[in-house]
There are 2 protein chains.
Amino acid sequence: MNFQKRKQNILDKLNVTGEVDVKELAAELGISEITIRRDLNQLANDGLLYRTHGGGMKVDPLAKPIDFVNKSAQNAEVKDLICRKAAEHIHDGDIIFMDCGSTVFRLCQFIKNKKIKVITNSLPVIYELQNCAVSLNIIGGEYNAERQAVHGKIANEHIARYRTGKAFLGVDGISQNGLFANSELEAEITLAYINQSAYTYMLCDAGKVGKETYLKFADINQVGAIITNADDSKLDCFKDTALAILKVK
Amino acid sequence: MNFQKRKQNILDKLNVTGEVDVKELAAELGISEITIRRDLNQLANDGLLYRTHGGGMKVDPLAKPIDFVNKSAQNAEVKDLICRKAAEHIHDGDIIFMDCGSTVFRLCQFIKNKKIKVITNSLPVIYELQNCAVSLNIIGGEYNAERQAVHGKIANEHIARYRTGKAFLGVDGISQNGLFANSELEAEITLAYINQSAYTYMLCDAGKVGKETYLKFADINQVGAIITNADDSKLDCFKDTALAILKVK
DNA sequence: TCGATTTTGATTATTTTTGAACAAATCAGC
DNA sequence: GCTGATTTGTTCAAAAATAATCAAAATCGA
């Protein structure tokens, strides 16, 4: 039982249980506690675990990518309906923006075989599309771990360098009075996309329609179309606007 | 029983059991331990196994989602030595560049719990560092699927907007005459990093040292230090330069 | 065949790894 | 705060593995 094997053992256990204990490990591996401690210290030194009194813990206790997939899976059927409809508006040769929302993410599965160029600030979108027909352009700037996307001043400036035919975006709220976001970061980048694309599609499940929340960042006439499963009563509010309404289901 | 046959034997056993033991092999093959050790060292040098005390283990048995890791596992032992040394030069509060080479990628594991900011064009690096203490900045621009990184004009301009204290870079060849690359894309982005960082560390295994290949893109005096396992005879060529040489092993 | 080169093995010295003992630091309870 | 128990760091010693050196054996090319 050499160091490499113990290291593997310790990391395996760490992955399963999230924490390890010096005494437990010593007993399980049939090795002295002082050696286990040395192992843990080296692993901690290499950044592979957090050293605690009496043992160690995982460096990153929560696996974010899975979180995102789970969140994106909420209301998945509706989102997939919306995205399938959106994909009908994307054709070979198109250059499109995709934002970092969980709805837009589900658009990936429907465009993998299209010969298009996608410009996005969303890391999950990039992972999802990186080995298929789609050619990718990544918006640069500060990475926001919680949103798994790039945001901020540099990102907005980066977007301003490109022009596309279509943008596919999500939003926290939409009504006849405009678009609403729960955070400035999201608002700014969404607005940047809108400004740089000839036509904007908003992908909104019924819960977002008619909702006016926190920060208004754009007028409704800046948007070309909304793709939604909301029923007519909710969509009534758009009757005096030029918004194209694409209903699903 | 010549070296080729023993080598085959050792690799076969490695594939089946995942590990080998010097004493066991010596007994099984009817050959002295010192010879087995020499064999293992050579195999390790070729990146075909991971040398341990008393034997060897399979290279990187855990398959990561990104197959990049496999490439990076070639010569992993040496690369890890180099990267561990590099990590000693990175401290909390630092802002650093990391490029998209397979050597630099292995630096990730040693900096996960440092409170630093990393600016990179490498997707595997981002993936590896995205849920730890490191704060990330992604270089934007066109994504190159083969290299799993962002390259090109926009990327270079993006880099030019930042200044950092240190850059950790790979290269295809390095000698007293300068830095060499096998592609223009790599050359340009490496040069962009060099120009925007106060101090540059080149991470080069012995095979790169003294090699002059394809395209020279920078002078040796633009580099601060080289971290390498090359021996003194190879490093002699730098004796008239200001290059700091950090040797490992 | 001969001499030169490479490979292998034996011996010795060095390094690495491991464990034990003990002092210092840390934690948990009051 | 204090006290006792636990954990840790340090130092040292033993064991194992390795590197270094040199000699013997095998291989190779002429």
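Below, chains carry the letters A, B, ... as their sequence lines are ordered, and counting in each starts from 1.
We find that CG of A:Asp39 is positioned 16 Å from P of C:dT16, with the value rounded to whole Å. When rounded to the nearest whole Å, the span between CD of B:Gln42 and P of D:dA19 equals 14 Å. Atom-to-atom, CZ of A:Arg6 to C1' of C:dT16 comes out at 12 Å; the value is rounded to the nearest Å. For the pair B:Ile36 CD1 and D:dA19 P, the interatomic distance rounds to 14 Å; values are reported in whole Å. We find that CG of A:Asn2 is positioned 10 Å from P of D:dT18, with the value rounded to whole Å. Distance A:Phe3 CZ to C:dG19 C1': 17 Å, rounded to the nearest Å. Rounded to an integer number of Å, the gap from CZ of B:Arg37 to P of C:dT7 is 19 Å. Distance CG (A:Asp21) to P (D:dT7): 8 Å, rounded to an integer number of Å.
Between B:His89 and B:Tyr201, the ring centre distance stays below 6.0 Å. Two rings, from B:Tyr193 and B:Phe168, have their centers 6.0 Å or more apart.
In summary, the side chains of B:Asp99 and B:Thr190 do not present any donor paired with an acceptor at a separation below 3.5 Å, with no hydrogens or angles considered. In this structure, a donor-acceptor pair under 3.5 Å is absent between the side chains of A:Arg6 and A:Thr35.
Heavy atoms of other residues, nucleotides or ligands lying less than 6.0 angstrom from CD of B:Glu184 number 12 at most. More than 12 heavy atoms of other residues, nucleotides or ligands sit less than 6.0 Å from atom CD of B:Glu88.
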- Given the rule in the side chain to side chain contact (heavy atoms under 4.5 Å, CB included) test, do B:Tyr162 and B:Gln196 qualify, once you have shown the distances and angles that lead to the verdict? CA-CA 7 Å; B:Tyr162 296 104; B:Gln196 298 306 115; 5.8 Å; no

- Test A:Asn137 against B:Glu142 for side chain to side chain donor-acceptor pair (under 3.5 Å), laying out the working first. CA-CA 4 Å; A:Asn137 190 299; B:Glu142 291 199 347; 4.8 Å; no

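The phosphate of C:dG9 (OP1 or OP2) has a side-chain N or O of B:Thr35 nearer than 4.0 angstrom. B:Asn41 has a side-chain polar atom (N or O) that falls below the 4.0 Å cut-off from OP1 or OP2 of D:dA19.
Of the possible donor and acceptor atoms, one in the side chain of B:Thr241 sits under 3.5 Å from a partner among the backbone N and O of B:Phe238.
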- 5' to 3', nucleotides 20-30 of chain C under a 4.0 Å protein heavy-atom cut-off (B base, S sugar-phosphate only, - none) gives ------SS---

So which protein nitrogen or oxygen atoms get under 3.5 Å of nucleotides 3-6 of chain D's nitrogens or oxygens?
none

